[in-house]
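Remember, predicted model here, so these are calculated numbers, not experimental data. Any value given below was found using the heavy atoms of this structure, including those in side chains, with hydrogens, waters and symmetry copies removed.
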Amino acid sequence: MKKIFYPILGVGLAFCLQKNTLAADWTYDVGGQAYSLYGYADLDKNDVLAKSENHFENIGFLNASVTYSFNDDYSISWFLDVMGATDKEIQNFNNGSWGKQISADLNTPFGTLSVGEIWNAAYNLSVSAPQIGPLYLNNSEIVDFISNPNWFRRNKKYTSFKTLNSTDINTDGTALKAAYYTPEFYNTVLGFSYTPDTQNRRGLVNNQAKYARDDAYNFGLANNFDCGAFNIQSSLGYGIFHKNDKEFSAGINLSYGNWDLGGAFRKTYVEGSDFAITSNFVSDKIPALFDNYREGKAWNVGIGYKFGPLKTSLGYFEAQADNTSNQDEIVLWSNDFQVNKYLNLYASAAHVNFKGDSNLAEDNRKGYAFVAGVGFQF
C-alpha cells in the first residue's frame, strides 16, 4: 500500500500547487509540543529483581498541515506528524523511538475521507475516562517508570502484549489505512476504516506473527448529547482482525460544570481456529503468549476537575487475560498546571500491580511511581 499511497499524495499536492497560481485558498499550520519528565519508582521490596530507581525521559512532537479549500464545502488537507523520544520503556512510535505519520483528508458535505498512517475509526471516535497530562490511563506511559512484563515492544527485537494496554481498539496502531466518517446527524457520527496490513509499531501485532500482513475492518460510533447543564459523550466500536479476531469497545463520559466523569470497556476474543494464541516459546522473536491480548478484557474509570489553570484527574485502569492469570492494575492521579499558553507543569503519582502467568519475579512488578515535569507547546 505504501507504493500506492505516497505517489497519490504527491500528485494531489502537485495539483493543488498548480491551482495555487489561480487562487489563494491555502492555509498552513505548524505546531508542536515537548515533555521532559523525571520519575522515581519505589518498587515492592518482595520483588528480588526490582529496585527503586530514577528515570528521566523526553518526548517531542512536531505537527504540520496544509489545507487547500476548493470552496466553502470542499477542501483537502495533508498532515505530517514527526515524533521522537529518549529512554522510553515501550517504543510507541512508527519507526521505534523515532517516527512519522503522513496522511490526507478530503472534506465534503457528505463526510470526510482519510487516507494514510492514521488510527482506525473505532479508536478515533472512542470515549473514555478523563485523562490529564502526558501519562494517560490508556496505553499509559507510566510503564516508562515501572516496566510492565506483560507489555513489550522494541524496534529490532519483538512485540509482546500478554494483556490489552487500552480500552481503545488500537491493535493495528497507525498502520496505513483508509477511513470514512459521516457528517454529524442527530449529534452522532459514524466511521468505518479498512487496514490492509495490521502490523504497526504503534499497535499490538508482532511482525513475526503469521497474521501480521492480514487485513482489518473497524467500525465506530460517537454521540454528543447536551441536556441542560449536563453533557454526555458516548461511543461504540467494533473491529474484525485476521477474519477471526473480534473486538468490541464502549465508553461514556459525563460532564457537569468543571467536573468530568467517565469510563470505558473493551473485549477481545478469537472466533475460529485459523490462528491460535501462541502458548509455547517458538523463538526469541516469537515468545510464549506474545499475542495473549487477543482473548481478554480491559476497562477504566475516572473523574476529573478543572479549576482555573489547574486540571486534575484520578483514574483506574485494569486489564485481564481470559485464559491465563496475566493482569494489570494502574491507579493514576495526574495534575496539569498551565503557566501560560506555552508552558505547563505536570505532577503525577501512580500505583501499579502487574501480574504475570507465573510467580517468577521477572513476570511480576508492583510499586509506586512519582513523576514530575514540564511541557512546552507552540
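For N187 and N223, the side-chain atoms include no donor-acceptor pair closer than 3.5 Å. In summary, the side chains of N150 and N292 do not present any donor paired with an acceptor at a separation below 3.5 Å, with no hydrogens or angles considered. Y158 and D284 share no side-chain donor-acceptor pair at under 3.5 Å. Side chains of N139 and S166: no donor on one and acceptor on the other come within 3.5 Å. There is a side-chain donor-acceptor pair under 3.5 Å between N92 and R153. Side chains of Y211 and Q199: a donor-acceptor N/O pair is absent below 3.5 angstrom, by distance only. In this model, no donor atom of one side chain and acceptor atom of the other lie less than 3.5 Å apart for E271 and Y269. Checked by atom type, the side-chain pair N94/T174 shows a donor-acceptor distance below 3.5 Å. Side-chain contact, S193 with W119: no donor N or O sits under 3.5 Å from an acceptor N or O. Side chains of N244 and D274: a donor-acceptor N/O pair is absent below 3.5 angstrom, by distance only. Residues T112 and D105 bring no donor and acceptor atom of their side chains to less than 3.5 Å of each other.
Each of L343 and V371 belongs to its own hydrophobic cluster when Ile, Leu, Val, Met, Phe, Trp and Tyr are linked at side-chain heavy-atom distances under 4.5 angstrom.
Relative ring orientation between W151 and F354 is described as tilted, the plane-to-plane angle lying within the 30° to 60° band. Taking the six-membered ring where the residue is Trp, Y346 and Y35 present perpendicular rings, their angle passing 60° and hence far from 30°. In this pair, H242 and F275 present their aromatic rings perpendicular. The plane angle is above 60°, beyond the 30 to 60° band. Using cut-offs of 30° and 60° for the angle between ring planes, the Y305 and W259 rings count as tilted. Ring orientation note: the planes of F70 and Y68 are nearly perpendicular, at an angle over 60° on the 30°/60° scale.
With hydrogens and angles disregarded, no donor-acceptor distance shorter than 3.5 Å links the side chain of S334 to the backbone of S348. A donor-acceptor pair under 3.5 Å is formed between the side chain of S283 and the backbone N or O of I286. Without hydrogens or angle criteria, N258 side chain to K306 main chain gives a donor-acceptor distance under 3.5 Å. The backbone N or O of F93 lies less than 3.5 Å from no partner atom in the side chain of R201, so there is not a single donor-acceptor pair. Distance alone, capped at 3.5 Å, is enough to place a donor-acceptor pair between the H55 side chain and the D87 backbone.
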Worked verdict on F248 versus Y238 for ring-ring contact (aromatic ring centres under 6.0 Å, His included): CA-CA 5 Å; F248 169 80; Y238 183 70; 7.6 Å; no
Any chance you could lay out the side chain to side chain contact (heavy atoms under 4.5 Å, CB included) test for T171 and F161, step after step, and finish with the verdict? CA-CA 10 Å; T171 301; F161 284 88; over 6 Å; no
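Every residue meeting the side-chain hydrogen bond (donor to acceptor under 3.5 Å, both in side chains) condition with S77, not counting sequence neighbours, appears here in chain and number order: T67.
With respect to E89 and R154, a salt bridge is recorded, a charged nitrogen being found less than 4.0 Å from a carboxylate O.
Annotation for N58 and S36: closest pair OD1-OG, 2.7 Å, computed over non-hydrogen atoms. Residues V127 and I252 come closest through the heavy atom pair CG1-C, 3.8 Å.
Partner of V205 under the side-chain contact (heavy atoms from CB on, under 4.5 Å) criterion, out of Y293, F241, F290: Y293 alone.
With a 4.5 Å cut-off on side-chain heavy atoms, Q233 and D260 do not count as touching.
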